[in-house]
Amino acid sequence: KSMLFLGFLLVFLGLALPGTQGKIISRCEMVKILRRNGFEGFEGTTVADWMCLIKYESDYNTKAYNNNGPSRDYGIFQINSKYWCNDGRTSGSKNACHISCSKLQDDNIDDDIRCAKKIAREAHGLSPWYGWKNHCRGKNLSSFVRGC
């Protein structure tokens, strides 16, 4: 009986607790969002650059999270808690986007977009993102926007 109860308890907790997977935005939907928000040509970048960045940083998942030791990256653009958002845990956080990191993990990515553009504006490009530097920079990225 206790095993049966434990099974029911685990199923209940699994349903009651929020999942770590957020909204997965489809490739073409993300292309449309980026185009609609003026990413084409922004700070010398293309929508294909941003699509590649998002693919390698979060795999299009709005709830993506990565622990970097003293800081963490949040949301679809993997925005860092040391400089850009406040997670209440990162010592010396600058919070330059004036936002709670948890807001970068909800399904509304308007605030994520504003912060990502601020980061790119200050850096004059996408160099702050290692996903873009390591996988996208200098490559033909046309496949990220093809057919959208």
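Given the structure is predicted, the values throughout are model-derived calculations rather than measurements.
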CD on Glu57 to SG on Cys52, rounded to 0.5 Å: 9.5 Å
Heavy-atom donor-acceptor pair, Ser81 side chain to Arg72 backbone, under 3.5 Å: yes
Tyr74 and Asp87 side chains, donor-acceptor separation under 3.5 Å: yes
Under 3.5 Å donor-acceptor, Gln105 side chain and Ala64 backbone: yes
Selection residues 38-55 - residue pairs positive for salt bridge (Lys or Arg N to Asp or Glu O under 4.0 Å), sequence neighbours left out: Lys55-Asp59
Working for ring-ring contact (aromatic ring centres under 6.0 Å, His included), residues Phe144 and Trp50: CA-CA 9 Å; Phe144 285 95; Trp50 286 96; over 10 Å; no
Partner residues of Ser93 under the side chain to side chain donor-acceptor pair (under 3.5 Å) criterion, sequence neighbours left out: none
Value rounded to 0.5 Å, distance of SG in Cys148 from CZ in Arg35: 7.0 Å
All side chain to side chain donor-acceptor pair (under 3.5 Å) counterparts of Asn108, not counting sequence neighbours: none
Thr62 side chain to Lys23 backbone, donor-acceptor under 3.5 Å: yes
Separation of Thr46 OG1 from Leu141 CG (nearest 0.5 Å): 6.0 Å
Nearest-0.5 Å distance, CD1 of residue Ile54 to CE of residue Met51: 6.0 Å
Results of salt bridge (Lys or Arg N to Asp or Glu O under 4.0 Å) for Arg27 - residues two or more places apart only: none
Spatial distance of atom CG (Asp73) from atom CD1 (Ile79) [nearest 0.5 Å]: 9.0 Å
Reported CG-to-CH2 distance for the pair Asn80 and Trp129, which is rounded to 0.5 angstrom: 11.0 Å
Phe77 versus Leu34, closest heavy-atom pair with distance: CZ-CD2, 4.3 Å
Atom OH of Tyr65: over 12 foreign heavy atoms under 6.0 Å: yes
Which residues share a side chain to side chain contact (heavy atoms under 4.5 Å, CB included) with Ser100, sequence neighbours left out: Ser102, Lys103
Smallest separation among heavy atoms of Met30 and Ile109, with atom names: CE-CD1, 3.7 Å
Closest approach of Asn86 to Gly88 (non-hydrogen atoms, all atoms of both residues): OD1-N, 2.8 Å
pair Lys82-Asn68: side-chain heavy atoms closer than 4.5 Å: no
Cys pair Cys97, Cys85: SG separation below 2.5 Å: no
Only distances under 3.5 Å count here; give the side-chain donor-acceptor pairs of residues 112-121 to other protein atoms, sequence neighbours excluded, each with its distance to 0.1 Å.
| residue | atom | partner | partner atom | Å |
| --- | --- | --- | --- | --- |
| Lys117 | NZ | Asn37 | O | 2.6 |
| Lys118 | NZ | Glu122 | OE2 | 3.4 |

